[in-house]
*Asks:* 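My questions will all concern the structure given below.
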Amino acid sequence: MERRIFIFFGPPGSGKGTQALLLGEKLNLPVISTGELFRREEELDTNLGKKVKKITRRGGLVPDGIVAKIIKNRIAEKDARKGFILDGYPRTKRQFGFLSEIVKEKMVFIFINVSDKEVKKRLGERRACKCGEVYHLTFKKPKTSGICDSCGGTLFIRKDDRKEVIARRLKIYHAKTEPLIEYAGKAGKVFVMDGEEKIQEIKKDILKRIKNLYSSKR
Ligand code: AMP
């Protein structure tokens, strides 16, 4: 059976992580977030965690070779047999090349478009949880202040959501990740979403487009 593969990309704070989780829930597919995998390693203070911590705090990119290994192992796991959703990978041309080598199926790329101005505004109000849930103090408030709705964990501000780090992440995004849209069109289908719409509207739109895509394939 052909796997269903969805790839979310967009600037930091575009809401791609939120949409990836919503889609994963709906389609019952695992969401693989490289940023989340690194944060877990950092939390557990593993060798890998120690190594990447210095890079992620400053908003830089972890070397392609390290990310490749993580991705390859993760998508080989049992829960990804029917497909998977990627959040935050690929981010560079080399990563895109590697992904195209290990995935033979056509992929669906969901590009969430948000202006730099909006990104800067949003990230200052972002709160994260260890379990991977993400909140926003205006757009997606937790039911109880400071507490995760999903797991009851204590919410925190990511180290890389500081102002100067955000500027660096945006710069890297425009230089290295944004140009990948051009390759995406050749490797599959690209959906461009307006990330400044409401979360539920974007979700509905993504589902509608996926439905249309698969019904037109039959
Ligand atoms: P994210 O949660 O996707 O914003 O990722 C947090 C941080 O993890 C990034 O700023 C990078 O330092 C690192 N990271 C995540 N995904 C990748 C990737 N595909 N390639 C290189 N570094 C990554």
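Computed from a predicted model, the values in this text were never measured in an experiment. The first residue of the sequence shown is numbered 1, and numbering continues consecutively from there. Values below: every heavy atom of this structure, side chains too, minus hydrogens, waters and symmetry copies. Whatever order the structure lists them in is the order used to number ligands and atoms, beginning at 1.
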*Asks:* For Arg158, is the nearest heavy atom under 4.0 Å from an atom of ligand 1?
*Replies:*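 It does; at least one heavy atom falls under 4.0 Å.
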*Asks:* Write out the residue and atom name of the closest protein heavy atom to atom 9 (C) of ligand 1, then the distance separating them to 0.1 Å.
*Replies:*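 Checking every protein heavy atom, the shortest distance to atom 9 (C) of ligand 1 gives Arg91 NH2, 3.9 Å.
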*Asks:* Taking 4.0 angstrom as the limit and counting only heavy atoms of Thr34, give me the atoms of ligand 1 inside it, by number and element.
*Replies:*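 By the 4.0 Å cutoff, the relevant atoms are 15 (C), 16 (N), 17 (C), 19 (N).
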*Asks:* Of all the non-hydrogen atoms in the protein, which one sits nearest to atom 22 (N) of ligand 1, and at what distance?
*Replies:*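 Result: Val62 N, 3.0 Å.
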*Asks:* Please work out whether any backbone atom (N, CA, C, O) or any side-chain heavy atom from C-beta onward of Thr92 is under 4.0 Å from ligand 1, and answer side chain, backbone, both or neither.
*Replies:*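 None of Thr92 does.
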*Asks:* So, are Asp161 and Arg169 salt-bridged, with charged N and O less than 4.0 Å apart?
*Replies:*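 Looking at Arg169 together with Asp161, the answer is yes, because their closest N to O distance falls below 4.0 Å.
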*Asks:* Could you tell me whether Asp79 and Arg74 have a side-chain N and a carboxylate O separated by less than 4.0 Å?
*Replies:*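 Looking at Arg74 together with Asp79, the answer is yes, because their closest N to O distance falls below 4.0 Å.
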*Asks:* Which atoms of ligand 1 have any heavy atom of Arg169 under 4.0 Å away?
*Replies:*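 Ligand 1 atoms under the 4.0 Å threshold to Arg169: 4 (O).
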*Asks:* Using side-chain heavy atoms (C-beta onward) and a distance below 4.5 Å, is Glu197 in contact with Asp205?
*Replies:*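 Contact flag for Glu197/Asp205 side chains = no.
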*Asks:* With a cutoff of 4.0 Å, is Arg39 in contact with ligand 1, counting heavy atoms of the residue only?
*Replies:*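 A heavy atom of Arg39 does come that close to ligand 1.
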*Asks:* What atoms in ligand 1 come closer than 4.0 Å to a heavy atom of Gln95?
*Replies:*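 Those atoms are 18 (C), 19 (N), 20 (N), 21 (C).
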*Asks:* Return the option from Thr56, Leu123, Leu86, Leu61 holding the heavy atom at the smallest distance from atom 7 (C) of ligand 1.
*Replies:*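 Comparing heavy atoms across Thr56, Leu123, Leu86, Leu61, the nearest one to atom 7 (C) of ligand 1 lies in Thr56.
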*Asks:* Output the list of atoms in ligand 1 that are nearer than 4.0 Å to some heavy atom of Val67, sorted by atom number.
*Replies:*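 Counting from 1, the qualifying ligand atoms are 18 (C), 19 (N), 20 (N), 21 (C).
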*Asks:* May I ask you to decide if Lys176's main-chain N or O and Thr92's side chain share a donor-acceptor pair within less than 3.5 Å?
*Replies:*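 No, Thr92 side chain to Lys176 backbone: no donor-acceptor pair under 3.5 Å.
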*Asks:* Identify whether the distance between the nearest side-chain nitrogen and carboxylate oxygen of Lys140 and Glu133 falls below 4.0 Å.
*Replies:*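 Yes, Lys140 and Glu133 are salt-bridged.
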*Asks:* Can you tell if the side chain of Phe8 reaches within under 4.5 Å of the side chain of Val31, non-hydrogen atoms only?
*Replies:*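 When only atoms from C-beta onward are counted, Val31 and Phe8 do not touch, as no gap falls below 4.5 Å.
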*Asks:* Determine, considering heavy atoms only, which of Gly88, Pro90, Gly35 sits nearest to atom 5 (O) of ligand 1.
*Replies:*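 Shortest heavy-atom distance from atom 5 (O) of ligand 1: Gly35.
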*Asks:* Hey, can you tell me if Phe9 and Phe111 have their rings parallel, tilted or perpendicular (30° and 60° cut-offs)?
*Replies:*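 Ring orientation, 0 to 90° scale: tilted.
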*Asks:* Mark yes or no for whether Glu196, through its side chain, and Ser115, through its backbone, hold a donor-acceptor pair below 3.5 Å.
*Replies:*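 Yes: the side chain of Glu196 pairs with the backbone of Ser115.
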*Asks:* Look at the aromatic rings of Tyr214 and Phe6 and report parallel, tilted or perpendicular, splitting at 30° and 60°.
*Replies:*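 Perpendicular, since the angle between the ring planes exceeds 60°.
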*Asks:* Provide, to 0.1 Å, the distance between atom 23 (C) of ligand 1 and the closest protein heavy atom, together with that atom's residue and name.
*Replies:*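 Here the closest protein heavy atom is Phe38 CE1, 3.8 Å.
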*Asks:* Quick one: which ligand 1 atoms are inside 4.0 Å of a heavy atom on Gly60?
*Replies:*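 Here the atoms of ligand 1 in question are 10 (O), 11 (C), 12 (O).
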